[in-house]
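Working notes for the structure below.
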Amino acid sequence: MRKISPSIYGREAARLAHDIIGAVLVHRICGKEYRARIVETEAYVGPHDLASHSSKGRTKRTEVMFGPAGHAYVYLIYGMYTMFNIVSGPAGSGQAVLIRAAEPLHDWKVDLSGPGKLTRAFKITLLHNGVDLTTDKLFLLRDPDYRPQIKRTRRIGVDYAKEWKDALLRFVDTKSAAVSGHRIKKTERNS
DNA sequence: GCGTCGATGGCA
DNA sequence: GCCATCGACGCG
């Protein structure tokens, strides 16, 4: 497996969210290496997207979202969970892709079926906000041998976003969503 | 199996 | 006073 091409991050968020399904997320920290296959993502396509944090404008929190693509946008939600996003699109366009779920590789036994669970297990914290994903600490690998089966659905937890709440901007690898022991969310069924 | 609810903190 | 969540409960 090779590191993903840095230029991929410059793609529009909806396309990037689709294209990194099946890719492998790697985090090297404290002498350990965590690896998992990305199986669920969501695109936040710009300031006009009412579900996107960038729709609030350029603030202290959203600053990195308006920066160059290929950097991590990490924020705190509900006082206890961190969400891991990849800034995408042209610099300044305020787009990002949220990594929602992954499947652990090798002998790593852990439940990564949710954005909060994923960051906890990967030890991704607020300190990672703004880090460059083209370095060798936190990055993506392309896996040419894996062919995901990708389905588009509505995004989770954005009911406040008016006409944007029903946009088909969530991408799921259906090969993996069926993994046993994983609860099927109600929002996942009606599509 | 499914709905409801509380924890908990940064930010506007 | 919101939240791009999670897990614990209670129900029957």
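The chains referred to below are lettered A, B, ... by the order of the sequence lines, with proteins before strands, and numbering in each begins at 1. Any value given below was found using the heavy atoms of this structure, including those in side chains, with hydrogens, waters and symmetry copies removed.
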Exercise for review: Would you please confirm or rule out a distance under 4.0 Å between OP1 or OP2 of dT5(C) and any side-chain N or O of Tyr78(A)?
Suggested key: yes
Practice item. Looking only at non-hydrogen atoms, find the nearest pair between Lys123(A) and Ile29(A) and report the distance. Key: O-CD1, 4.2 Å
Exercise for review: Hydrophobic side-chain clustering at under 4.5 Å (ILVMFWY, transitive links): who's grouped with Leu168(A)? Put none if nobody.
Suggested key: none
Check your understanding: Does Arg37(A) use its side chain to pair, donor to acceptor, with the backbone of Gly22(A) at less than 3.5 Å?
Key -> yes
Exercise for review: Check each residue of residues 117-130 of chain A for a non-hydrogen atom within less than 4.0 Å of any atom in DNA chain C, then write out the ones that pass by number, or none.
Suggested key: Lys117(A), Arg120(A)
Review point. Less than 4.0 Å between a side-chain N and a carboxylate O, is that true for Asp159(A) and Lys165(A)?
Key: no
**Study point:** Nucleotide nearest Met80(A) (side chain, heavy atoms from C-beta), chosen from dC11(B), dA4(C), dT8(B)
**Key:** dT8(B)
Exercise for review: State which of dT5(C), dA12(B), dT8(B) makes the closest approach to the side chain of Arg61(A).
Suggested key: dA12(B)
Exercise for review: Grab the CG-C1' distance between Leu98(A) and dT5(C) for me, whole Å please.
Suggested key: 11 Å
**Study point:** Inter-nucleotide C1' distance (dG7(C), dG10(B)), Å rounded
**Key:** 22 Å
Practice item. Please collect all ring pair (Phe, Tyr, Trp, His ring centres under 6.0 Å) contacts where either partner lies in residues 128-161 of chain A, sequence neighbours excluded, each pair once. Key: His27(A)-His128(A)
Review point. Are there more than 12 heavy atoms of other residues, nucleotides or ligands under 6.0 Å from atom CD of Glu33(A)?
Key: yes
Check your understanding: Can you check the Tyr81(A) OH to dG10(B) P distance for me, whole Å?
Key -> 16 Å
Review point. Rounded to whole angstroms, how far apart are CG on Asn85(A) and C1' on dC3(C)?
Key: 14 Å
Exercise for review: Consider only side-chain N and O atoms of His53(A) and Tyr73(A), and report whether a donor and an acceptor are under 3.5 Å apart.
Suggested key: yes
**Study point:** More than 12 heavy atoms of other groups within 6.0 Å of Lys56(A) NZ
**Key:** no
Distance-only donor-acceptor hits, side chain of residues 42-52 of chain A, under 3.5 Å, sequence neighbours excluded:
residue	atom	partner	partner atom	Å
Glu42(A)	OE1	Tyr44(A)	OH	2.5
Glu42(A)	OE2	Ile156(A)	N	2.8
Asp49(A)	OD1	Ala51(A)	N	3.0
Asp49(A)	OD1	Arg155(A)	NH2	3.1
Asp49(A)	OD2	Val45(A)	N	3.1
Asp49(A)	OD2	Arg155(A)	NH1	2.7
Ser52(A)	OG	Ser54(A)	N	3.2
Ser52(A)	OG	Ser54(A)	OG	2.7

Review point. Looking at dA4(C), dA12(B), dA7(B), which one has an atom nearest to any side-chain atom of Thr59(A)?
Key: dA12(B)
Practice item. Take atom CZ of Arg142(A) as the centre, draw a 6.0 Å sphere, and report whether it contains more than 12 heavy atoms from other residues, nucleotides or ligands. Key: no
**Study point:** Atom-pair distance (CZ on Arg155(A); P on dC3(C)), nearest Å
**Key:** 14 Å
Practice item. Would you kindly give the CZ-to-P distance between Arg58(A) and dA12(B), to the nearest whole Å? Key: 14 Å
Exercise for review: Whole angstrom is fine here: how far is it from CD in Gln95(A) over to P in dA4(C)?
Suggested key: 18 Å
**Study point:** Close approaches to DNA chain C from residues 67-77 of chain A, in residue order (heavy atom, under 4.0 Å)
**Key:** Tyr75(A), Ile77(A)
Check your understanding: In dot-bracket form, how is DNA chain C paired, counting a Watson-Crick or G-U wobble pair only if both its distances are under 3.5 Å and using | for bases paired to another strand?
Key -> |||.|||||||.
Practice item. Report which part of the nucleic acid Gly79(A) touches: base, sugar-phosphate, or nothing (heavy-atom distance under 4.0 Å, all strands). Key: base
Practice item. Using atom CD1 of Ile156(A) as one end and atom P of dC3(C) as the other, report the distance to the nearest whole Å. Key: 16 Å
Revision key, fill the gap. Shortest non-hydrogen pair, Ala96(A) vs Ala13(A), comes out as O-CB, 3.8 Å
Check your understanding: How far apart are the closest heavy atoms of Val87(A) and Val64(A), and which atoms are they?
Key -> CG2-O, 3.4 Å
Exercise for review: Could you check how far CE of Met83(A) sits from P of dC11(B), rounded to whole Å?
Suggested key: 16 Å
